[in-house]
K.L.:
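Handing you a structure now.
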Protein chains: 2
Amino acid sequence: MQALAQSHAFQPVPASHIHANNILNGPGALTTYSADEEIYGQGERAGTLYEVRYGAVRLYRLLSDGRRQVVAFHFAGETFGFEAEGVHSFFAEAIVETGLRKVVTHTNNNINPEMLALALRGMVRAQQHLLVVGRQCATEKLGAFLLDLAARQGDPDRIDLPMTRLDIGDYLGMTIETVSRSISKLKAAGILKLHSLRSVEILKVEKLRQICE
Amino acid sequence: MQALAQSHAFQPVPASHIHANNILNGPGALTTYSADEEIYGQGERAGTLYEVRYGAVRLYRLLSDGRRQVVAFHFAGETFGFEAEGVHSFFAEAIVETGLRKVVTHTNNNINPEMLALALRGMVRAQQHLLVVGRQCATEKLGAFLLDLAARQGDPDRIDLPMTRLDIGDYLGMTIETVSRSISKLKAAGILKLHSLRSVEILKVEKLRQICE
DNA sequence: CGATATTTTGAGCGGAGTCAACTCTGGTGG
DNA sequence: CCACCAGAGTTGACTCCGCTCAAAATATCG
């Protein structure tokens with residue numbers, strides 16, 4: 001079990017890892033990935049899109065100084081893998097046990113019109129992320145992040161956090177300590193309740209929304 | 001694209017604010033906007049895409065607390081106006097005197113395949129922006145911003161800054177004072193040279209790239 | 001040339017980063 | 001079943017960068 005050994009060393013790929021299990025081959029096939037397994041790497045040839053059937057995925061880039069910027073999380077029902085050039089500019093990894101389905105992008109040389117809609121949704125998501133990261137206050141960032149997750153996961157006040165605090169920090173541009181302190185602050189204010197480390201309940205959605213707008 | 005024709009087009013706009021002048025009507029027509037004129041507003045019905053022929057455009061959103069997040073700048077040759085929903089989620093304004101051309105998105109109910117490429121480029125741009133804003137140090141943010149502008153404007157070491165310090169600050173998530181201080185710092189380090197407030201020369205591209213990676 | 005807006009610079013303060021210690025959780029094996 | 005342990009998360013002390021408020025300098029426009 002490699003677990004989260006990358007905690008402080010963001011080595012792209014652990015040497016020995018179980019390869020993804022591709023039950024079928026081709027579009028519609030379900031491929032399963034275990035936690036922390038790489039789906040594709042920065043620099044690899046792009047082309048295939050993936051739809052998340054279950055689990056969660058993180059997209060990130062490594063900076064030369066060792067820092068890591070998580071650019072997106074993806075959950076069940078969402079599609080990722082878009083690239084403008086022919087090469088992936090990010091790493092994609094499964095956060096937990098995850099099932100992916102390859103998406104058909106072309107049908108006999110014609111671009112599937114649904115691709116445009118998906119690409120646009122991806123752009124809006126990135127811009128939305130920008131609005132969150134651009135905020136100044138750490139608590140605001142975290143609150144906005146939680147509200148976004150709640151909306152995407154369907155349940156308005158119960159949130160599943162498959163990712164670690166480090167993932168959240170690298171996504172929001174803050175340290176794990178600050179992530180933790182922000183959670184504690186919202187907890188102390190009676191806005192959040194943690195059922196476990198990875199399961200959050202929003203007790204006062206409106207109050208949180210006020211803070212994060 | 002005819003590179004930097006807008007280089008010195010930043011002359012103060014005639015005071016008598018001429019309203020956008022639409023010479024023709026329909027795709028291919030050139031519409032001109034004076035400085036600070038609105039192109040479209042948040043909430044307006046979307047649908048049309050615009051290609052910048054000359055000048056510069058800012059896209060931004062207003063937050064309820066009065067702050068403003070600039071999500072993108074667009075220069076000659078770039079296309080903007082994409083939306084996932086049918087409504088614009090941002091304001092678009094001309095920064096200086098700007099000429100826009102409407103882009104044909106559909107040809108008899110078929111999506112122009114080039115749209116997908118443009119949308120993808122927009123998404124990558126937003127993710128790139130994210131990497132910059134996610135950086136911690138203010139000087140790094142500014143440096144990365146300048147390197148991005150240099151690459152987009154064609155000239156590797158001469159940059160036009162049609163936007164104000166406030167625009168830059170709202171784009172990078174920092175105050176105008178910090179923007180100014182960061183510029184001064186890079187100037188003191190011999191990395192930048194200001195020919196005017198709106199014209200920057202990068203003296204040591206490599207050194208700047210080291211800082212900002 | 002004067003009036004206004006923009007930019008720069010300065011002083012002080014607060015929030016987030018850093019370093020470090022401690023606690024909690026889940027998994028393993030005796 | 002429980003003791004143990006490694007990794008994850010929390011909390012505390014301190015520092016420093018960037019925000020705030022304020023004022024000076026520069027640019028722009030009538």
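Since the structure is predicted, the reported quantities are computational estimates derived from the model, not experimental observations. Lettering of chains follows the sequences in order, A, B, ..., and the numbering in each one begins at 1. The analysis underlying the following values was restricted to heavy atoms, covering all of them including side chains, and did not include hydrogens, waters or symmetry mates.
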K.L.:
Rounded to whole Å, how long is the line connecting atom CE of A:Met174 with atom P of D:dC16?
P.N.:
22 Å
K.L.:
Using a cut-off of less than 4.0 Å, is there contact between a side-chain N or O of B:Thr178 and OP1 or OP2 of D:dC19?
P.N.:
yes
K.L.:
So if I take every side-chain heavy atom of A:Cys137 and compare against C:dT7, D:dT10, C:dA16, which nucleotide ends up nearest?
P.N.:
C:dA16
K.L.:
Compare every heavy atom of B:Asp160 with every heavy atom of B:Leu149, then report the nearest pair and how far apart it is.
P.N.:
CD1-O, 4.1 Å
K.L.:
Pick base, sugar-phosphate or nothing for B:Thr164, based on heavy-atom distances below 4.0 Å to the nucleic acid.
P.N.:
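Answer is sugar-phosphate: B:Thr164 comes under 4.0 Å of backbone atoms only.
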K.L.:
Quick one: label B:Gly173 by what it contacts on the DNA or RNA (base, sugar-phosphate, nothing), any heavy atom closer than 4.0 Å.
P.N.:
sugar-phosphate
K.L.:
Kindly indicate whether the side chain of A:Arg181 and the base of D:dG12 share any N or O donor-acceptor pair separated by less than 3.5 Å?
P.N.:
yes
K.L.:
Atom CG of B:Asp36 and atom P of D:dT28: how far apart are they, to the nearest Å?
P.N.:
15 Å
K.L.:
Does a side-chain N or O of B:Thr175 approach OP1 or OP2 of D:dC19 to a distance below 4.0 Å, or not?
P.N.:
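Looking at the OP1 and OP2 atoms of D:dC19, one of them is under 4.0 Å from a side-chain N or O of B:Thr175.
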K.L.:
Rounding to an integer number of Å, can you tell me how far A:Glu177 CD sits from C:dG15 P?
P.N.:
18 Å
K.L.:
Starting at atom CG of A:Leu186, determine the distance to atom P of D:dT10, rounded to an integer number of angstrom.
P.N.:
12 Å
K.L.:
Take the protein atom CG of A:Leu166 and the nucleotide atom P of C:dT18, then report the distance between them rounded to whole Å.
P.N.:
13 Å
K.L.:
Identify, between A:Lys185 and A:Ser196, the residue whose nearest nucleotide on DNA chain C lies closer to the 5' end.
P.N.:
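Result: A:Lys185.
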K.L.:
A:Leu197 has an atom CG; how far is it from atom C1' of D:dT10, in whole Å?
P.N.:
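One finds 10 Å between C1' of D:dT10 and CG of A:Leu197, rounded.
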K.L.:
If the plane angle is over 60° it's perpendicular, under 30° parallel, otherwise tilted; pick one for A:Tyr171 and A:Phe145.
P.N.:
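Answer is tilted, since the angle falls between 30° and 60°.
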K.L.:
Let me know the distance between CZ of B:Arg135 and C1' of D:dC17, rounded to the nearest Å.
P.N.:
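Taking atom C1' of D:dC17 as the reference, CZ of B:Arg135 is at 17 Å.
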K.L.:
Does A:Ser184 reach a base, just sugar-phosphate, or nothing at all? Heavy atoms under 4.0 Å.
P.N.:
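Here A:Ser184 touches the backbone only, sparing every base.
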K.L.:
Between the side chains of B:Thr175 and B:Thr178, does any donor sit under 3.5 Å from an acceptor?
P.N.:
yes
K.L.:
Please report the closest heavy-atom contact between A:Ala119 and B:Met123, naming both atoms and the distance.
P.N.:
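Heavy atoms only, the tightest pair is O-SD, 3.9 Å.
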K.L.:
Where does the angle between the aromatic ring planes of B:His74 and B:Phe80 fall among parallel (under 30°), tilted (30 to 60°) and perpendicular (over 60°)?
P.N.:
parallel
K.L.:
Nearest whole angstrom, please: distance from the C1' of D:dA27 to the CZ of B:Arg198.
P.N.:
9 Å
